[in-house]
Amino acid sequence: MGLFKKKRINEAGKPDFSRLPRHVAIILDGNGRWAKKRGLPRKAGHAVGAETFRTMATYCRDIGIEYLTVYAFSTENWKRPQQEVDAIMKLLEDFLREAVRDLEKNRVRIRILGDLEPLSPELKRMIARTEEESSVYPDAQVNICVNYGGRAEILHAAECFYREHPGHEGSLSEEDLNAYLYTAGMPEPDLLIRPGGECRLSNFLMWQTAYSELYFTDTLWPDFTTDDMDRALVAFQSRDRRFGGVKA
Ligand code: IPE
Ligand code: IPE
Ligand code: MG
């Protein structure tokens, strides 16, 4: 039975939709190289990457993945040329404008995770509006990490905890810290996908991915399709998650 089931899944190339990960995280990488290969400016790669993100968000919602968290701009990405940073922020604005317009059609809750302080007042206003108006759709959630860094998040959480618990004595528990992470209240990612060929986390969800299954692919993000997503999900379903224990 087990063998038959495995064969059937492989033949169809489709995951078993009855046992999907609850939370998938993706590092949106490879936009620049995608553009370079075509002799285009890097911002053209980001624009196509933003389209891929829309397609994947819809696909994940449709197949029943509860949480999709994407890494769109890291705390280190400010090192890039101003023109490129501006182009990425503009794409985020476009996405949020569209998300508010199409809220009822999409029915997805949107959260932006990261230190939003350095963002433009207009972007901050749009983020607040999108988060508020989309909060009535709790069934599927998309988190976009912007000015996000895993180390910064952990430090920020610890600072918030001690600010709100002055005089706290004894040790800080994992639950204490969890409650102040940007991802407070969400399940940890079951599966982390990195397209673009690099095999590193680049400061993404360092705390939350302690037991995530990692999946790397050379496909550049703008080329990533629903078939690539299916392949990642099939790979996830073949993994044996032990969480430090022994197999039953
Ligand atoms: C990912 O694509 C998008 C961001 C980091 C904002 P890159 O821009 O890193 O693309 P490559 O890695 O240079 O190809
Ligand atoms: C990670 O990609 C950040 C995002 C995708 C937002 P980078 O392209 O910035 O990572 P490195 O520099 O290759 O590690
Ligand atoms: Mg990159």
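For reference, positions follow the sequence shown, starting with 1. Reckoned from all heavy atoms, side chains included, excluding hydrogens, waters and symmetry mates. Each ligand, and each atom within it, is numbered from 1 in the order the structure gives.
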Is [X] atom [atom1] crowded by more than 12 heavy atoms from other residues, nucleotides or ligands, each under 6.0 Å away?
X      : atom1 : result
Arg129 : CZ    : no
Glu122 : CD    : yes
Lys124 : NZ    : yes
Arg151 : CZ    : no

Any idea which atoms of ligand 1 are less than 4.0 Å away from a heavy-atom of [X]?
X     : result
Ile88 : 6 (C)
Asp29 : 1 (C), 2 (O), 7 (P), 9 (O), 10 (O), 11 (P), 12 (O)
Arg33 : 11 (P), 12 (O), 14 (O)
Leu28 : 1 (C), 2 (O), 3 (C)

key: 4.0 Å heavy-atom contact, Arg80 with ligand 2   = yes
query = Quick one: does Arg194 get a heavy atom under 4.0 Å from ligand 2?
reply = yes
request  = Please confirm whether the backbone N or O of Ile112 pairs with a side-chain atom of Glu131, one donor and one acceptor, at under 3.5 Å?
outcome  = yes
query = Sub-3.5 Å donor-acceptor pair from the side chain of Glu188 to the main-chain atoms of Ala210, do we have one?
reply = no
Shortest heavy-atom approach to atom 6 (C) of ligand 1 - which of Ala72, Gly32, Ser202 = Ala72
request  = Give the contacting part of Phe204 toward ligand 2: side chain, backbone, both or neither, where contact means a heavy-atom distance below 4.0 Å.
outcome  = neither
note = The answer for which part of Arg200 has a heavy atom under 4.0 Å from ligand 2 is side chain
task = Specify whether an N/O/S atom of Glu198 falls short of 2.8 Å from the Mg ion (ligand 3).
result = no
request  = Say whether His46 and ligand 1 are in contact under the criterion: heavy-atom distance to a ligand atom below 4.0 Å.
outcome  = yes
inquiry  = Tell me whether ligand 1 is touched by Gly196 - counting only heavy atoms on the residue side and a distance under 4.0 Å.
reply    = no
request  = Verify the distance criterion only: is there a donor paired with an acceptor across the side chains of Tyr59 and Asp230 at less than 3.5 Å?
outcome  = yes
inquiry  = Once you restrict to heavy atoms under 4.0 Å, what part of Glu198 touches ligand 1? Side chain, backbone, both or neither.
reply    = neither
message = Give the atom numbers and elements of ligand 2 that come within less than 4.0 Å of a heavy atom of Phe73.
response = 6 (C)
message = Test side chain to side chain donor-acceptor pair (under 3.5 Å) on Ser202 and Arg194; report intermediate values, then the result.
response = CA-CA 10 Å; Ser202 301; Arg194 182 165 189 159; 2.8 Å; yes
task = Tell me which protein heavy atom sits closest to atom 9 (O) of ligand 2, plus the residue, atom name and distance to 0.1 Å.
result = Asn77 ND2, 3.0 Å
